[in-house]
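For reference, the structure is listed below as structure tokens.
In what follows, chains are A, B, ... by sequence order, proteins preceding strands, each numbered from 1. Computed from a predicted model, the values in this text were never measured in an experiment. Side chains included, hydrogens not; waters and symmetry mates left out as well; all remaining heavy atoms used.
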Amino acid sequence: MTRRSNSLAFARALVTTNLKATVALRGAFVMQVAFMALNNLTFFVFWWALMRHAIVIRGWRLGDVEVLFGIVAVAFGLTVTVAGGVRFLGRFIDEGDLDTLLTQPQSVLVHALGLRSQPSGIGDVLSGLMFIAWSGQVSWSMLPVVAAAIAASALVLLATGIVFFSLAFWLGRVETVARQLWELLITFALYPEPLFGGMLRLALFTVLPAGFVGYLPVRIVRAPSLINVALLATGAAAYLGFAVLVFDRGLRRYASGSRFSTFG
Amino acid sequence: MTAAFVAKYAACSRIAAAQARRERGEVYGRVAFFAVILGVFSSLWRAAADAGLPVAADPKALVWYLAATEWILLSVPPIHVDIQEAIRRGDVVYQLGRPMSYVIAELAAGLGLLAVRAPLLGATAFLCAFAFTGWIPPSSALATVVPFGLVAAALITALHLWIGLLAFWLQDVSPVYWVCQKLMFVLGGLMLPLDLYPDFIQRVAAVTPFPSVLAGPASFVLPAPIVTPGELARNLAIWCGVTAFAVWWVFRRAATALTINGG
């Protein structure tokens, strides 16, 4: 219990330090945030133009797509801002950069995840919140549900990233492939659920859990139900547990890079 | 003189192509992404046709349209990243001293990479689009798309070169790249033919190079192309000229600044 609260306090301190360092370069920070928000808004122009002509696509309206975009964008933004190191985990493992973390008293995984905060993630969070607000589908009373759905989505995204990038423990240089797999997950999560059926839908709720990142949270926001909430919470906990297990197993195989350096 | 000029830049292309053949991870990733996107969109267009989208009267043609635009865009190598890194690390100074133009050498290397990626991604586009639609556009349409698509991809490579050179001033060119990519996305009609966008977007698109590099070549697979081959050839020639001038001007300014700063 004490160890867990220590880890949480350490993670909080790491995130705070990272954010301070990021915001210190104010010009670059503002630019990255603004451009990422613009990036997301531009991508949405496609849906806006499409759904001017086809108002309802398999039961989905523009507002539903906005909620989906909003949830995934905020979840992704939170993940890369709070645990930005996940995108570099493969490189840390392959290049022996975990050496300096192994000697620290804190959890190696927590430390590695907190190493690289991405300022552009704030842009994702802001644009995601704008999408959710514009959707007109979320009332004030629903905000706690939306927040919980986003948190679960972010956890699944983080867990999947840890699993994909941890493959480097066994396969070596997999950064490109792992990154592309992770981006594939996000790509799937950004399209309405009814577009996918059969085996593909099964895959999207298991090996490439776009269903837990986007579809299930949107279902909960559209029509809250205890079953879906329980399913999402269980899914998030299971994916996170699996990710920690994979990382711990991999860490036992980790070969030192004989690094003598400091991390910052 | 001319033969020697061509030979040294051809060597840059060959070296880059050889490297690309060895490091195939990223290209395979793009192949997988390509297949997924075409699968998603073939499903989306069928759904849109069911929902009454006017242009989706022929969803199969729209899947081939997307296959063509994505083929062009995904074939283009991200050379701006390497150029940016060379500038940030200062490596560019060593390359400037070589008996060849830095800009032409980088472009030649980019075209070498393009030569490796385009056939592989072209085959992926063809196979996936056929697999998802069970239909192939007329051979005359494909024969028009391929050469125009290759020229368009070369033009986008030059555009990436220009973006990379901006690192002399910006250090990190990612924001410029993102904006350019998104403009291409909307104004180029990457996923949706331009006639589905509102009038004001179509008017803005008309004064940019983006429709000429994506929607123009790809629209030959649609029942009603947005340009004739002659018009597209003229537009591409104009934008090639504009891009060449922009690259030359930016590099000239950068080289001058480097000299003033002492290199």
Self-check item: Parallel, tilted or perpendicular, as decided by the 30° and 60° cut-offs, for the rings of A/Trp134 and A/Phe131
Solution: perpendicular
Self-check item: Check: B/Gly164 main-chain N/O paired with B/Tyr177 side-chain donor or acceptor under 3.5 Å
Solution: no
Quiz item: Under the 3.5 angstrom rule, does the side chain of A/Ser153 hit a backbone N or O of A/Ala149 as a donor-acceptor pair?
Solution: no
Quiz item: How close do A/Leu68 and A/Pro192 get, heavy atom to heavy atom, and via which atoms?
Solution: CD2-N, 4.0 Å
Exercise. For the pair B/Gln202 (side chain) and B/Tyr197 (backbone), establish whether a donor and an acceptor sit closer than 3.5 Å, ignoring hydrogens and angles.
Key: yes
Quiz item: Listed by residue number, which members of residues 182-190 of chain B have a heavy atom under 4.5 Å from any heavy atom of chain A?
Solution: B/Lys182, B/Phe185, B/Val186
Practice problem: Would you mind checking which part of A/Tyr191 comes under 4.5 Å of any heavy atom in chain B, side chain (CB onward), backbone (N, CA, C, O), both or neither? | Solution: side chain
Quiz item: For B/Gly39, does its backbone N or O pair with a side-chain atom of B/Ser43 as donor and acceptor, under 3.5 Å?
Solution: no
Quiz prompt | Main-chain N/O of B/Trp135 paired to B/Trp64 side chain as donor or acceptor, under 3.5 Å | solution = yes
Quiz item: With a 4.5 angstrom heavy-atom cut-off, which part of A/Trp47 approaches chain B: side chain, backbone, both or neither?
Solution: side chain
Quiz item: Between A/Arg179 and chain B, which part of the residue has a heavy atom less than 4.5 Å away: side chain, backbone, both or neither?
Solution: neither
Quiz item: In terms of side-chain geometry, is the basic nitrogen of A/Arg201 or A/Glu193 positioned less than 4.0 Å from the acidic oxygen of its partner?
Solution: yes
Quiz prompt | A/Leu184 portion near chain B, given a 4.5 angstrom heavy-atom threshold | solution = side chain
Quiz prompt | Top contributor to chain B interface from A/Thr187, A/Leu50, A/Val56 [non-hydrogen pairs under 4.5 Å] | solution = A/Leu50
